[in-house]
Number of protein chains: 2
Amino acid sequence: MKNKLKVARAEANLSQGELAERIGVSRQTINSIETGRYVPSTVLALKLAAVFAKPVDVLFSLEETD
Amino acid sequence: MKNKLKVARAEANLSQGELAERIGVSRQTINSIETGRYVPSTVLALKLAAVFAKPVDVLFSLEETD
DNA sequence: TCATATTGTCAAGCAAACTTGTCATTTAAT
DNA sequence: ATTAAATGACAAGTTTGCTTGACAATATGA
């Protein structure tokens, strides 16, 4: 699964730490998702979508390997 | 987090087992998500959204407790 | 240049997702 | 009324999300 989090975050001018704080997770969690180390839960995806005011399906998308 | 999976599945006329097979998870996983025993990963949410041809945000939504 | 903020990553641990296997209960069809 | 299909749920085990703490590397700005 790939995601556009890094871009969305740049557009919103937020640091990983600030974003993490807003949705109540650790900075490492944001970093790990951005760098593809793991896939977030749906709750987290919905919260991220809310922060950036974009649908989940826009922020996250499936790959062949999924 | 709540979800409209049971309704969507009824509309699509699919059993839990059939749905599970389509997206490559166990039947218990579908059952557990429907009955709120746990929250799916974003990959699973995207796959479910794809099966029902509905956006993730329509199938899944946050609650106060999230 | 020096200082500070930001990012990437590792490790150890806990919690939650997901598995297979199994069984009881409910629903639907004959 | 009986059978078969579908659902709900539990248990034990594996994998993965997410945590805190830490440190090095990269960027940003005075």
Side-chain angles (χ1 to χ4, degrees):
Chain A
M1 199 204 57
K2 59 187 166 61
N3 70 76
K4 300 193 161 82
L5 235 138
K6 199 166 179 173
V7 173
R9 193 168 56 75
E11 285 170 355
N13 202 35
L14 286 173
S15 71
Q16 293 180 346
E18 287 167 336
L19 177 56
E21 201 174 12
R22 284 213 194 175
I23 64 182
V25 294
S26 71
R27 182 185 66 81
Q28 287 88 334
T29 293
I30 299 298
N31 184 279
S32 297
I33 294 168
E34 282 193 5
T35 56
R37 262 198 306 288
Y38 58 70
V39 167
S41 71
T42 299
V43 166
L44 226 165
L46 288 168
K47 287 184 181 175
L48 289 165
V51 166
F52 296 122
K54 288 177 198 275
V56 169
D57 310 59
V58 167
L59 279 181
F60 299 92
S61 44
L62 291 173
E63 291 175 301
E64 279 72 15
T65 56
D66 288 325
Chain B
M1 198 203 58
K2 59 186 167 61
N3 71 75
K4 298 193 162 78
L5 233 133
K6 199 166 178 174
V7 172
R9 192 168 56 73
E11 286 170 355
N13 202 35
L14 286 172
S15 70
Q16 293 180 347
E18 287 168 335
L19 177 56
E21 202 175 12
R22 285 213 195 175
I23 64 182
V25 294
S26 70
R27 183 184 67 82
Q28 288 86 334
T29 293
I30 299 297
N31 184 279
S32 297
I33 294 167
E34 283 193 6
T35 57
R37 264 199 302 290
Y38 57 70
V39 167
S41 72
T42 299
V43 167
L44 226 167
L46 287 168
K47 288 184 181 174
L48 289 166
V51 166
F52 297 123
K54 288 177 199 276
V56 169
D57 311 64
V58 167
L59 279 181
F60 299 93
S61 44
L62 291 172
E63 290 176 301
E64 278 71 16
T65 56
D66 289 326

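Every chain is numbered from 1 and lettered A, B, ... according to where its sequence line falls, protein lines coming before strand lines. Atom set for the values below is all heavy atoms of this structure, side chains included, hydrogens, waters and symmetry mates excluded.
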Indicate yes or no for a side-chain donor-acceptor contact from B:Ser41 to the backbone of A:Ser41 under 3.5 Å, with no hydrogens or angles considered. no
Quick one: does B:Gln28 reach the base of C:dG21 with a side-chain donor-acceptor pair under 3.5 Å? yes
A:Asn31 side chain, from C-beta outward: closest of D:dT7, D:dT20, C:dT9: C:dT9
Rounded distance (Å) that lies between atom C1' of D:dA5 and atom CD of B:Glu21: 15 Å
Are more than 12 heavy atoms from other residues, nucleotides or ligands located less than 6.0 Å from atom CD of A:Glu18? yes
Look at the side chain of B:Arg27 against the base of D:dG8 and say whether a donor-acceptor pair falls under 3.5 Å; ignore hydrogens and angles. yes
Mind calculating the distance between CG (B:Asp66) and P (D:dG17) to the nearest angstrom? 18 Å
Nearest to the A:Thr35 side chain among C:dG8, C:dT7, D:dC18, which nucleotide is it? C:dG8
Would you confirm whether B:Asp66, through its side chain, and B:Met1, through its main-chain N or O, come within 3.5 Å as a donor-acceptor pair? yes
Tell me every residue that passes side-chain hydrogen bond (donor to acceptor under 3.5 Å, both in side chains) with B:Asn3, counting only those two or more places apart in sequence or in another chain. none
Of the listed nucleotides (D:dA9, D:dG17, C:dC18), which one gets closest to any side-chain atom of B:Ser41? C:dC18
In whole Å, what is the span from the CD atom of A:Glu18 to the P atom of C:dT4? 18 Å
The side chain of B:Val39 lies closest to which of these nucleotides: D:dA6, C:dA17, D:dC18? C:dA17
Could you tell me how far apart B:Leu46 (CG) and C:dA17 (P) are, to the nearest whole angstrom? 16 Å
Nucleotide nearest A:Gln16 (side chain, heavy atoms from C-beta), chosen from C:dG8, C:dC18, D:dA6: C:dG8
Round to the nearest Å and state the distance from B:Glu34 atom CD to C:dA17 atom P. 16 Å
From D:dT7, D:dT20, C:dC18, pick the nucleotide closest to the side chain of A:Ser26? D:dT20
Taken to the nearest whole Å, OH/A:Tyr38 to C1'/C:dA15 is 13 Å
Between D:dA9 (C1') and B:Ile33 (CD1): distance, integer Å: 15 Å
Taking 4.0 Å as the cut-off, does a side-chain nitrogen or oxygen of B:Lys6 come that near to OP1 or OP2 on D:dA6? no
Short side-chain to backbone donor-acceptor contact, A:Arg9 and A:Leu14, under 3.5 Å: yes
